[in-house]
Amino acid sequence: MKKGFSLEIDERLEGCRSALERLLDMEGAPVPALRVTFDEALTPEHFRLTLEGGSAAVRARDGRGAAYAACELLDRAQAGVLPEALDVQDGPGDSLRVFNQHAPALLSDHLDALSLTKRYMDYALRRRANTFILAQNWPVHLDDALQYKYVPALARYVDEERSAKVRAAYREALAYARSLGLDMYVTTTELRFPLQALADVPGWMGTREEAGHELQPHANPCPVHPQTRAYVQGKIREACELMPEAAGIELWMGEKQNSIFYCQCERCRHLDAPRRALMLIQWVYEAMKAGCPHMKLIVRTYLCAGRCSLEPDVFLPIADELPADVIVAVKGQYGDVNYRNDP
């Protein structure tokens, strides 16, 4: 903080101190003093900002409102329009404002990815996002952090030392997000694991034929094999135990010719793509709610097709069968994401 700057916060809003200090630290406080008081009459995430005699006063009902008031103050200072006197009341219009980070693994030999993630979180707060989705190291994402303690067939392939470091990095990222008042979701994606793990369990490996020829073995399971559901739900159960304070999980399904969609053996050939997608969503939702009832599920509709499709043929047929509180991320490509059914 700038030397001589005074920050006074109502004890009922003390939880926003880290967010305010980080915001004012990044760009420098444009006023010598800021006083934050609680105001129950205001809408959540809204604020009233007044400026008089060179000092600023903020009234807010929650920490996010106070943080957004600081953002307003910084915006006006950057634009060179910080008047001697000011009285403004404002707040965000959308209830879900998402920053989705798609970046290298939290544990990387090439860069300090955890510090980079924290800077992304700073940026998200500065842009008045309230939700941060941590999507790391596609297509593995969450897997590096797991020990597969509920999936014995995979536990033997875990690198214990690396897993411990990645778990610690996830927890640190979550703690930092919470200190800024951000709801953090973690991304999990397609059913990928070592080919040998699939080969060790009879009938688990997915099979597929094209032009009458069976394709080479691929690290995707048969969706109706009982081990597949056990794998998915064990993975989600462990993720909930690892980060119970997270806001929820974002589910990617990988590619349209991959993951839950790959296998076309006699046992699962009757399942079309929408049924498979719904099955996976239900498995993840069920395990998530059993472990952490407060969590929410975001389902991303994009399946990495080269045509940047929203995959209506997969998701529209099951739209009315999704659990009522599932949030759907309607994503084409290159950042054009629209979140539907936000609370």
Side-chain angles (χ1 to χ4, degrees), residues 1-2 5-100 120-133 174-185 245-248 294-296 298 325 327 338-343:
M1 299 294 293
K2 187 169 68 174
F5 175 74
S6 171
L7 177 60
E8 181 185 340
I9 302 178
D10 188 303
E11 62 179 9
R12 288 167 290 185
L13 296 173
E14 183 62 33
C16 74
R17 181 176 293 275
S18 293
L20 288 173
E21 289 180 346
R22 184 60 188 145
L23 283 167
L24 297 170
D25 228 14
M26 284 190 289
E27 301 177 36
V31 292
L34 176 64
R35 180 167 50 88
V36 180
T37 56
F38 177 79
D39 189 341
E40 191 175 10
L42 289 171
T43 303
E45 298 193 345
H46 284 58
F47 62 85
R48 182 177 180 184
L49 171 65
T50 56
L51 189 61
E52 188 174 355
S55 294
V58 170
R59 304 186 70 83
R61 183 174 178 170
D62 54 23
R64 286 177 177 165
Y68 302 154
C71 290
E72 179 73 18
L73 188 64
L74 292 170
D75 286 344
R76 290 174 178 265
Q78 279 187 349
V81 289
L82 197 61
E84 290 294 324
L86 177 70
D87 189 341
V88 60
Q89 188 167 323
D90 200 2
D94 297 324
S95 59
L96 187 67
R97 304 177 305 283
V98 178
F99 185 96
N100 194 313
Y120 278 133
M121 290 178 179
D122 292 341
Y123 179 87
L125 174 63
R126 183 66 180 87
R127 295 297 174 262
R128 309 186 199 195
N130 61 4
T131 301
F132 188 91
I133 298 178
L174 176 58
Y176 191 77
R178 286 170 58 80
S179 77
L180 298 182
L182 295 169
D183 290 336
M184 192 178 97
Y185 285 73
E245 303 90 355
H294 72 278
M295 286 189 178
K296 294 207 169 187
I298 297 176
D325 60 346
I327 300 168
N338 198 337
Y339 292 87
R340 300 294 185 183
N341 195 33
D342 69 77

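Since we're looking at a predicted model, the values are computed, not measured.
- For the atom pair CG of Asp75 and CZ of Arg128, the computed distance is 5.0 Å after rounding to the nearest 0.5 Å.
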message: Applying side chain to side chain contact (heavy atoms under 4.5 Å, CB included) to Thr50 and Asp87, what does each step give before you reach the verdict?
response: CA-CA 4 Å; Thr50 56; Asp87 189 341; 3.6 Å; yes
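- Within a 6.0 Å radius of CZ in Arg61, more than 12 heavy atoms belonging to other residues, nucleotides or ligands are found.
- What you find for Ile9 and Cys16 is that their closest heavy atoms are CG2-SG, 4.4 Å.
- Nearest approach of Leu24 to Phe5, heavy atoms of both residues: CD1-CZ, 3.7 Å.
- Phe132 and Phe99 have parallel rings, their planes meeting at less than 30° on a 0 to 90° scale where 60° marks the start of perpendicular.
- Taking CZ of Arg17 as the reference point, atom CD of Glu11 lies at 11.5 Å (rounded to 0.5 Å).
- From Asn130, atom CG reaches atom CZ of Arg97 across 4.0 Å, with rounding to the nearest 0.5 Å.
- A distance-only check finds a donor-acceptor pair linking the side chain of Asp39 to the backbone of Ala41 [under 3.5 Å].
- Here the side chains of Ser55 and Pro32 are in contact, with some heavy-atom distance below 4.5 Å.
- Minimum interatomic distance between Leu20 and Ala67 (heavy atoms only, all atoms of both residues): CD2-CA, 3.9 Å.
- Note that the CG atom of Leu13 and the OG1 atom of Thr37 stand 8.0 Å from one another [nearest 0.5 Å].
- With rounding to the nearest 0.5 Å, the separation of CE in Met121 from CG in Leu180 is 8.0 Å.
- Summarising the local packing, CD of Glu8 is surrounded by 12 or fewer heavy atoms from other residues, nucleotides or ligands at distances under 6.0 Å.
- A pairwise comparison of heavy atoms in Leu125 and Cys71 identifies O-SG, 3.7 Å as the closest pair.
- A salt bridge is absent between Asp62 and Arg64; no separation between the charged side-chain nitrogens and carboxylate oxygens falls under 4.0 Å.
- Residue Glu245 places its CD atom among more than 12 non-hydrogen atoms of other residues, nucleotides or ligands, all under 6.0 Å distant.
- Residues Ala247 and Tyr185 approach most closely at CB-CE1, 3.6 Å, considering heavy atoms.
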query: Between Asp122 and Tyr176, is a side chain to side chain contact (heavy atoms under 4.5 Å, CB included) present by the stated rule, with each step listed?
result: CA-CA 10 Å; Asp122 292 341; Tyr176 191 77; 2.7 Å; yes
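- Atom CG of Leu34 and atom CD of Glu21 lie 11.0 Å apart (nearest 0.5 Å).
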- request: Kindly determine whether Lys296 and Asp325 satisfy salt bridge (Lys or Arg N to Asp or Glu O under 4.0 Å), including the steps that lead there.
  value: CA-CA 7 Å; Lys296 294 207 169 187; Asp325 60 346; 5.4 Å; no
message: Pair Arg76, Leu51 - check side chain to side chain contact (heavy atoms under 4.5 Å, CB included), show working.
response: CA-CA 12 Å; Arg76 290 174 178 265; Leu51 189 61; over 6 Å; no
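- Scanning both residues, Leu182 and Ala129, for their nearest heavy atoms gives CD2-O, 3.4 Å.
- Under the 4.5 Å side-chain criterion, counting only non-hydrogen atoms from C-beta, Arg126 is in contact with Leu74.
- Proximity of a side-chain donor or acceptor of His294 to a complementary backbone N or O of Ala246 within less than 3.5 Å is detected.
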